[in-house]
A.B. asks: 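Mind having a look at this structure? Questions to follow.
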Amino acid sequence: MRTTSFCKAAVSAVFLCCAWVNAHAQVPSSSKETAVDDSAPVQDLGVSEVESYAIAETENPGTDYMEITPSAWEGLGLSASEVISSLSGIQGYKQGGMGSFQTVSIRGIAARNVLVCIDGIPLNDAGGGAADLGAIDLNNIERIEVYKDRVPAKFGGAGLGGAINFVTKDALHSGKTPKGRVIASYGSHNTFEGSAQVSASIKDSVQFSATASMRHSDNDYEFDNRNGTLYNDEDDFKDRRRNAEFTEYSGSFQYRMLHGNGFFSILSASALHTQAGNPGMEDLQTYVAEFVGDMMQVAYRLEFPTVADILLLTAGVTGKFEKNMSSSYYPLDKIGFLSKDFREYGLAGYRAIPEMSANLLLDKFEAYLRLAGSAELWESRGTLKKFELERLAGSIAGNAEYNFTDWFSLFAEGNILKTYDDIGGGQVLMTTGSAVVDEATDRDLSLAGMVQAKLGKKDSWIGGNVSFGRFYRQPQLMELYGVYPGTLSSPTLKDESALRFAAGLSFATPKNRSVLRATYFENHVENGIYWITSTNLMKAFNVDKSLIRGVELELESRPAKFFQTVLRGTIQDPRDDGANRAYNGKLLPGEPVHSYFVEGTFFLPLNLRAIFQTTYRTRIFSDRMNFTRQPPVARYNASLAWQPWEKTQVIFVVDNISDETYRNIYTPFPAPGREYRFTLIQGF
C-alpha cells in the first residue's frame with residue numbers, strides 16, 4: 001500500500017501579501033435536490049470576473065458549510081488537499097508531487113475521521129486509513145462541498161470530523177447547442193494535464209455531460225538527501241527523485257431524463273485508473289516498486305413527482321468497485337522484506353448501496369429522512385493468503401429545521417447505524433500469532449445527533465450559529481481484522497466518538513463589500529484509534545482521548561473594483577488528554593497550533609489578473625511523544641491569467657516561489673521545489 005507519512009516542507013519566514021475572495025453563488029446539484037441545509041453559502045475560492053464591489057450574498061450567515069467552485073483550482077496547479085486546506089480550520093497534508101498521498105484534517109480531528117465522498121458515496125477505504133485525495137483529478141469535478149461541523153444525513157450521518165463531497169460534472173444544460181471546454185497544461189518535471197468536457201441537450205427532456213481527463217508527472221524533482229543521518233549535515237548531498245512517476249486516466253458521465261407523469265431520473269458513472277512508482281526513503285530509493293489503483297462507480301437515481309407540492313421522494317442505487325495493488329522486487333528494491341524476491345499484495349472491494357429519501361417542505365418547517373443499506377465485500381489480491389471480509393449495514397438518518405422567524409431557526413440531525421461483519425476464508429491472527437479469529441464480533445447500534453441554532457437571514461449584516469452534538473465512527477474492516485503482512489487483528493475495537501461544540505458569528509458591511517467571520521470550536525474525542533507498532537508488527541488500539549479547542553477567523557473584502565482580498569487564520573490547541581502520562585498534554589500528530597492563508601487578486605487592464613497566495617503553519621510533530629519535529633513551513637504561489645477572448649483563458653503559475661526543499665528523514669517523499677506551469681482553457 002502507499003505510504004501515509006506526512007509531507008515535510010521547509011523552513012521559511014512568514015510572508016504577508018494581498019489576498020482575495022470571490023462571490024458566493026448557489027449551484028444546485030439536481031433539478032429537485034433539496035437537502036435541508038443546501039441554502040448555505042457557496043464560496044467561490046477561485047478567480048472570476050466580478051461586476052460589482054460586493055463580494056457575497058450571505059445566506060445562513062455563520063454556517064459551517066461551504067462550496068468551492070472550479071475557478072479555485074483550474075490552471076493554478078493546486079491539488080485537492082491544497083484547495084480544501086485554504087479554508088480556515090482545515091489542515092492539509094501532501095507527501096510529494098502530483099498524485100502523492102494527500103489528506104486533510106478538520107478542526108484537529110484526524111483525516112481518517114473525515115468522510116470523503118464522490119457524488120455522496122464514501123471513498124474511505126477498508127484499510128482504516130484516510131481517503132487519498134491525491135487520486136482525485138479535479139478536472140472532473142464540478143464543485144467541492146465541505147462540511148466542517150458534521151456529516152450530513154444525505155451521506156448517512158456517520159463520522160467524527162465532518163465531510164468533503166466531490167461532485168462530478170453536472171448534465172444541467174441550457175439550449176440545444178452543445179457546450180464544452182478543453183484544458184491543456186504543461187509544467188516542470190514533465191508534468192502535463194489534459195481534459196475535455198462536453199454537455200448537451202438531446203431534447204428538452206434529455207441532457208447529458210461527459211468528461212475525460214489524463215494527467216502525468218515524472219516527479220523527478222531535486223531534494224536534499226541526508227544520506228540516512230538526520231543530525232550529520234556533512235554527508236548531505238543533492239539528489240533527485242527516482243521511480244516517483246505518476247499517471248492517471250479518469251472520466252465521468254451523467255445522463256438526465258424527465259419522464260412522463262413528472263418522474264425524473266439520473267444515471268451517472270465515474271472511473272479512474274492510476275499507476276505510480278513507489279519510491280523508497282531518501283538514500284533507499286526503489287527502482288521498480290509501484291502502486292496501481294482502479295475505481296469505478298455507477299449510480300441511478302429516480303425522483304418521484306412532488307406530492308401535494310410539499311413532499312419529494314427519491315430512490316436510488318449505487319454500485320462501486322475498487323482495487324489497489326502494491327508490488328516490489330527485492331533484488332532491486334532493498335526495502336527490508338527478505339522473505340520473497342517478488343511481493344505483490346492488495347485489496348479488491350465491491351459495494352452496493354440502495355437508498356430511499358423523503359424531503360418534506362412546509363412554510364416554516366423542513367424535514368429530510370434517508371433509509372439506506374450497504375453490502376460490502378473485500379478480497380485479497382496478489383501473494384496475500386486468500387481471505388474475504390464482508391459487511392452488511394443499515395442506517396436511518398434525518399434532519400429537520402423549523403424557522404421561528406426570518407432571523408431564527410433550530411436545526412436537528414441524527415442517525416442510527418447497524419452493521420454485521422463476516423470473515424470468510426483465511427486465518428485472521430491475534431497478537432500472539434497463535435490465536436485465530438474465525439468469527440466476526442457483533443457490533444452494537446451506533447447513534448449520533450446534533451442540535452444547531454441559526455441566527456440571521458439572507459443578505460443580513462449579522463448572523464451566526466451555535467451547535468452541539470455527539471458523533472461516532474465505526475472501525476473499518478482492516479482495523480478490526482488486519483490481514484496485511486505485519487498487521488494483527490483487533491476485533492474488540494470500540495467506536496471512536498466525539499462531543500463537538502461550535503459557535504460562530506459573521507458581520508457584513510453595507511453592500512457586502514467586506515465580511516468578517518469568527519468561529520470557536522471545541523472537540524472532545526474518545527477511543528481514538530491508532531496503529532501501534534512493535535518490532536515488525538502493527539495493531540490498531542483505542543487510545544484514550546483528546547481535546548481540541550480553537551478559533552477560526554476570516555476576513556473577505558473587496559474595497560475597490562480592481563482588488564479583492566481574503567485573510568484566514570486558525571488558532572488551535574490540539575492536545576492528547578488521555579491517562580497515559582507519556583502522551584498527556586502533548587500536541588496531536590500533524591496538527592499545528594497556528595495556520596494562516598492569505599490570497600489576493602488584482603484585476604488589471606487588458607483582461608489580466610494577478611493572483612498571489614501564501615500559506616503558513618507552525619511546527620508540527622509526527623509522533624504522539626512529540627519527538628519527531630517538523631519545523632514551520634511557508635509556501636508562496638503566484639499566477640498571471642489573461643483572457644484575450646470570452647471563452648479563452650491563458651494562465652502562467654509559479655508554485656513554491658521560495659523553492660523550499662526541507663524534508664524529514666522519516667518520510668519517503670520530499671517537498672517539490674519551485675515549479676512552473678502553463679495552462680490553456682478553451683471553451684466552445
Side-chain angles (χ1 to χ4, degrees), residues 25-40 42 65 67 117-122 140-143 145 147 151-157 163 165-176 199-211 252-270 297-320 351-363 365-374 394-401 413 415:
Q26 191 68 27
V27 184
S29 59
S30 105
S31 62
K32 298 181 180 179
E33 191 169 327
T34 53
V36 168
D37 59 353
D38 281 354
S39 62
V42 177
Y65 167 70
E67 289 185 5
C117 302
I118 290 183
D119 292 333
I121 304 303
N140 297 317
I141 302 303
E142 181 76 22
R143 67 185 185 276
E145 301 173 343
Y147 298 81
V151 175
K154 63 181 179 180
F155 304 145
N165 185 38
F166 293 86
V167 181
T168 56
K169 295 294 183 181
D170 201 302
L172 286 172
H173 180 85
S174 59
K176 294 188 176 181
S199 63
S201 293
I202 300 175
K203 53 184 180 179
D204 291 343
S205 60
V206 178
Q207 300 173 322
F208 83 93
S209 69
T211 300
S252 63
F253 172 85
Q254 188 178 98
Y255 185 87
R256 305 163 63 93
M257 176 176 289
L258 178 63
H259 305 284
N261 301 321
F263 287 87
F264 184 86
S265 64
I266 300 175
L267 176 66
S268 60
S270 60
Q297 181 172 302
V298 180
Y300 175 77
R301 187 178 70 195
L302 177 65
E303 297 181 358
F304 295 82
T306 304
V307 179
D309 292 328
I310 61 171
L311 181 64
L312 302 176
L313 300 175
T314 303
V317 61
T318 300
K320 181 180 177 182
R351 192 175 188 184
I353 306 174
E355 60 180 299
M356 291 194 66
S357 64
N359 207 320
L360 179 65
L361 305 173
L362 301 175
D363 184 31
F365 178 77
E366 298 181 11
Y368 174 83
L369 179 68
R370 177 180 184 264
L371 305 177
S374 175
S395 66
I396 302 175
N399 56 35
E401 182 171 8
E413 189 164 55
N415 74 85

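Being a predicted model, the structure only gives us computed values, none of them experimental.
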A.B. asks: Heavy atoms, side chains only, cut-off 4.5 Å: are Pro305 and Phe263 in contact?
C.D. replies: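 Pro305 reaches Phe263 side chain to side chain.
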
A.B. asks: Specify the closest pair of heavy atoms between Glu413 and Ala153, including all atoms of both residues, with the distance to one decimal.
C.D. replies: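 Heavy-atom minimum between the residues: OE2-N, 2.7 Å.
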
A.B. asks: Looking at OG of Ser268 and CD of Gln297, how far apart are the two atoms once the value is rounded to the nearest 0.5 Å?
C.D. replies: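 Between atom OG of Ser268 and atom CD of Gln297 there are 7.5 Å.
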
A.B. asks: Testing the basics here: between Ala367 and Asn359, what is the closest heavy-atom pair and its distance to 0.1 Å?
C.D. replies: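 The answer is O-OD1, 3.1 Å.
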
A.B. asks: So how far is it from Leu361 CG to Ile310 CD1, rounded to the nearest 0.5 Å?
C.D. replies: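 Spacing of CG (Leu361) from CD1 (Ile310) equals 8.5 Å.
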
A.B. asks: Say you draw a straight line from CD1 of Ile121 to CZ of Phe155; how long is it, rounded to the nearest 0.5 Å?
C.D. replies: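 The CD1 atom of Ile121 sits 9.0 Å away from the CZ atom of Phe155.
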
A.B. asks: Apply side chain to side chain contact (heavy atoms under 4.5 Å, CB included) to residues Ser270 and Asn140 and explain how you reach the verdict.
C.D. replies: CA-CA 9 Å; Ser270 60; Asn140 297 317; over 6 Å; no

A.B. asks: Would you confirm whether Glu355, through its side chain, and Arg370, through its main-chain N or O, come within 3.5 Å as a donor-acceptor pair?
C.D. replies: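 Checking the backbone N and O of Arg370 against the side chain of Glu355, no donor-acceptor pair under 3.5 Å is found.
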
A.B. asks: Verify, without hydrogens or angle tests, whether Lys320 (side chain) and Pro122 (backbone) share a donor-acceptor contact under 3.5 angstrom.
C.D. replies: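 Looks like yes, one N/O pair under 3.5 Å.
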
A.B. asks: How far apart are the closest heavy atoms of Leu311 and Ala358, and which atoms are they?
C.D. replies: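 Reported closest heavy-atom pair: CD1-CB, 4.3 Å.
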
A.B. asks: Taking it one step at a time, do Ser265 and His259 satisfy side chain to side chain contact (heavy atoms under 4.5 Å, CB included)?
C.D. replies: CA-CA 8 Å; Ser265 64; His259 305 284; 2.6 Å; yes

A.B. asks: Taking all non-hydrogen atoms of both residues, which atom of Asn165 and which atom of Cys117 are closest, and how far apart?
C.D. replies: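 For Asn165 and Cys117, the tightest heavy-atom pair comes out as OD1-CB, 3.4 Å.
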
A.B. asks: Measure the spacing between CD of Glu401 and CZ of Phe365 and express it to the nearest 0.5 Å.
C.D. replies: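 With rounding to 0.5 Å, CD (Glu401) is 9.5 Å from CZ (Phe365).
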
A.B. asks: Can Arg256 and Phe264 be said to form a side chain to side chain contact (heavy atoms under 4.5 Å, CB included), step by step?
C.D. replies: CA-CA 8 Å; Arg256 305 163 63 93; Phe264 184 86; 3.4 Å; yes

A.B. asks: To the closest 0.5 Å, what do you measure between CG (Leu267) and OH (Tyr255)?
C.D. replies: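 Between Leu267 CG and Tyr255 OH, I get 9.0 Å after rounding to 0.5 Å.
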
A.B. asks: Please examine the side chains of Gln254 and Ile266, heavy atoms only from C-beta on, and report whether any two atoms are closer than 4.5 Å.
C.D. replies: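 In contact.
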
A.B. asks: Can you name the closest pair of heavy atoms from Ile141 and Lys169 and give their distance?
C.D. replies: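 That closest heavy-atom pairing would be O-NZ, 3.3 Å.
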
A.B. asks: Does some side-chain heavy atom of Leu360 sit less than 4.5 Å from a side-chain heavy atom of Leu369?
C.D. replies: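 Not touching, per the 4.5 Å side-chain cut-off.
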
A.B. asks: Please identify each residue that fulfils side-chain hydrogen bond (donor to acceptor under 3.5 Å, both in side chains) with Asp119, with sequence neighbours left out.
C.D. replies: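 For Asp119 the side-chain hydrogen bond (donor to acceptor under 3.5 Å, both in side chains) partners, ignoring immediate neighbours, are Thr168.
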
A.B. asks: Could you check whether any side-chain N or O of Glu67 sits under 3.5 Å from a backbone N or O of Arg143, counting only pairs where one atom can act as donor and the other as acceptor?
C.D. replies: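 Such a contact is absent between Glu67 side chain and Arg143 backbone.
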
A.B. asks: So which heavy atom on Asp170 is nearest to which on Glu142, and how close?
C.D. replies: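 Looking at all heavy atoms of both residues, the shortest contact is N-OE1, 3.6 Å.
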
A.B. asks: From Phe166 CZ over to Ile118 CD1, what is the distance, rounded to the nearest 0.5 angstrom?
C.D. replies: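 Answer rounded to 0.5 Å: 7.5 Å.
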
A.B. asks: For the residue pair Tyr65 and Tyr147, is the inter-centroid distance of their aromatic rings smaller than 6.0 Å?
C.D. replies: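 For Tyr65 and Tyr147, the ring centres are under 6.0 Å apart.
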
A.B. asks: For Arg351 and Ser374, what are the C-alpha separation, side-chain angles and deciding distance, and is it a side chain to side chain contact (heavy atoms under 4.5 Å, CB included)?
C.D. replies: CA-CA 7 Å; Arg351 192 175 188 184; Ser374 175; 3.0 Å; yes

